[in-house]
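Report on one structure; see the data block that follows.
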Amino acid sequence: MSTRIYVGGLPFSATDQDLFTLFRSYGDVAEATVAIDRATGQSKGFGFVEMPDAAAAQSAIAKLNGHMLDNRSIRVDVAQPRADRTADRPHRERRW
């Protein structure tokens, strides 16, 4: 089973390819994506990496958490499931 990894504190210049390259030295990378703001097209400063091998993923997390990338200390951890955001929002009536 693959492991999805959260990578926070990324420099805003980081790209999908930068994430892929960083994690590739620890094992196979199925996907590496930097989160992009839809309105501005700029990086949000975090991303996700998916690695098929759980042991390689744990090794990457242990070795890369706190790693300096362009003078920024990145946070690397197992990604948590996305919360249901619709339950937290109050119902808003549409007005036409």
Side-chain angles (χ1 to χ4, degrees):
M1 183 172 170
S2 66
T3 302
R4 188 166 163 89
I5 302 167
Y6 167 82
V7 186
L10 290 173
F12 295 109
S13 61
T15 65
D16 295 352
Q17 185 62 44
D18 294 334
L19 272 185
F20 180 86
T21 302
L22 182 63
F23 280 82
R24 179 71 181 119
S25 59
Y26 296 96
D28 289 335
V29 175
E31 184 178 5
T33 307
V34 174
I36 302 295
D37 184 286
R38 291 182 203 168
T40 65
Q42 298 293 318
S43 166
K44 290 185 175 184
F46 69 92
F48 296 95
V49 174
E50 188 169 332
M51 297 182 76
D53 180 8
Q58 288 302 322
S59 176
I61 290 168
K63 292 181 180 163
L64 291 175
N65 190 37
H67 177 79
M68 295 299 286
L69 186 62
D70 290 345
N71 294 322
R72 294 191 65 168
S73 176
I74 61 172
R75 177 177 167 235
V76 182
D77 203 351
V78 174
Q80 299 300 312
R82 191 173 191 173
D84 180 14
R85 298 185 315 181
T86 58
D88 296 337
R89 294 182 186 169
H91 175 71
R92 293 190 329 188
E93 186 177 313
R94 283 188 125 161
R95 296 184 184 183
W96 300 99

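Quick note: residue numbers are just sequence positions, from 1. Computed from a predicted model, the values in this text were never measured in an experiment.
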Exercise. Is Val49 reachable from Phe20 through a run of I, L, V, M, F, W or Y residues, each pair having side-chain heavy atoms under 4.5 Å apart?
Worked result: yes
Problem set entry | Cluster overlap Ile36 with Ile74, hydrophobic side-chain contacts below 4.5 Å | yes
Quick check for you: to the nearest 0.5 Å, what is the distance between [X] atom [atom1] and [Y] atom [atom2]?
{"X": "Gln42", "Y": "Phe12", "atom1": "CD", "atom2": "CZ", "result": "9.0 Å"}
{"X": "Phe48", "Y": "Leu19", "atom1": "CZ", "atom2": "CG", "result": "10.5 Å"}
{"X": "Ile61", "Y": "Arg75", "atom1": "CD1", "atom2": "CZ", "result": "10.5 Å"}

For residues 21-35, tabulate all N or O donor-acceptor pairs below 3.5 Å that involve a side-chain atom, not counting sequence neighbours.
{"residue": "Thr21", "atom": "OG1", "partner": "Gln17", "partner atom": "O", "Å": "2.9"}
{"residue": "Thr21", "atom": "OG1", "partner": "Gln17", "partner atom": "NE2", "Å": "3.2"}
{"residue": "Arg24", "atom": "NH1", "partner": "Gly27", "partner atom": "O", "Å": "3.2"}
{"residue": "Arg24", "atom": "NH1", "partner": "Asp28", "partner atom": "OD1", "Å": "2.9"}
{"residue": "Ser25", "atom": "OG", "partner": "Leu22", "partner atom": "O", "Å": "3.3"}
{"residue": "Glu31", "atom": "OE2", "partner": "Thr33", "partner atom": "OG1", "Å": "3.3"}

For this session: Carefully, step by step, assess Asp18 and Leu69 under the rule side chain to side chain contact (heavy atoms under 4.5 Å, CB included).
Result: CA-CA 10 Å; Asp18 294 334; Leu69 186 62; 5.7 Å; no
Exercise. Which residue pairs satisfy the side-chain hydrogen bond (donor to acceptor under 3.5 Å, both in side chains) criterion with at least one member in residues 51-65, sequence neighbours excluded?
Worked result: none
Which heavy atom of [X] sits nearest a heavy atom of [Y], and at what distance?
{"X": "Ser2", "Y": "Glu50", "answer": "OG-OE2, 2.8 Å"}
{"X": "Met51", "Y": "Ala57", "answer": "SD-CA, 3.8 Å"}
{"X": "Ser43", "Y": "Pro11", "answer": "OG-O, 4.4 Å"}
{"X": "Ser13", "Y": "Asp70", "answer": "OG-OD2, 3.6 Å"}

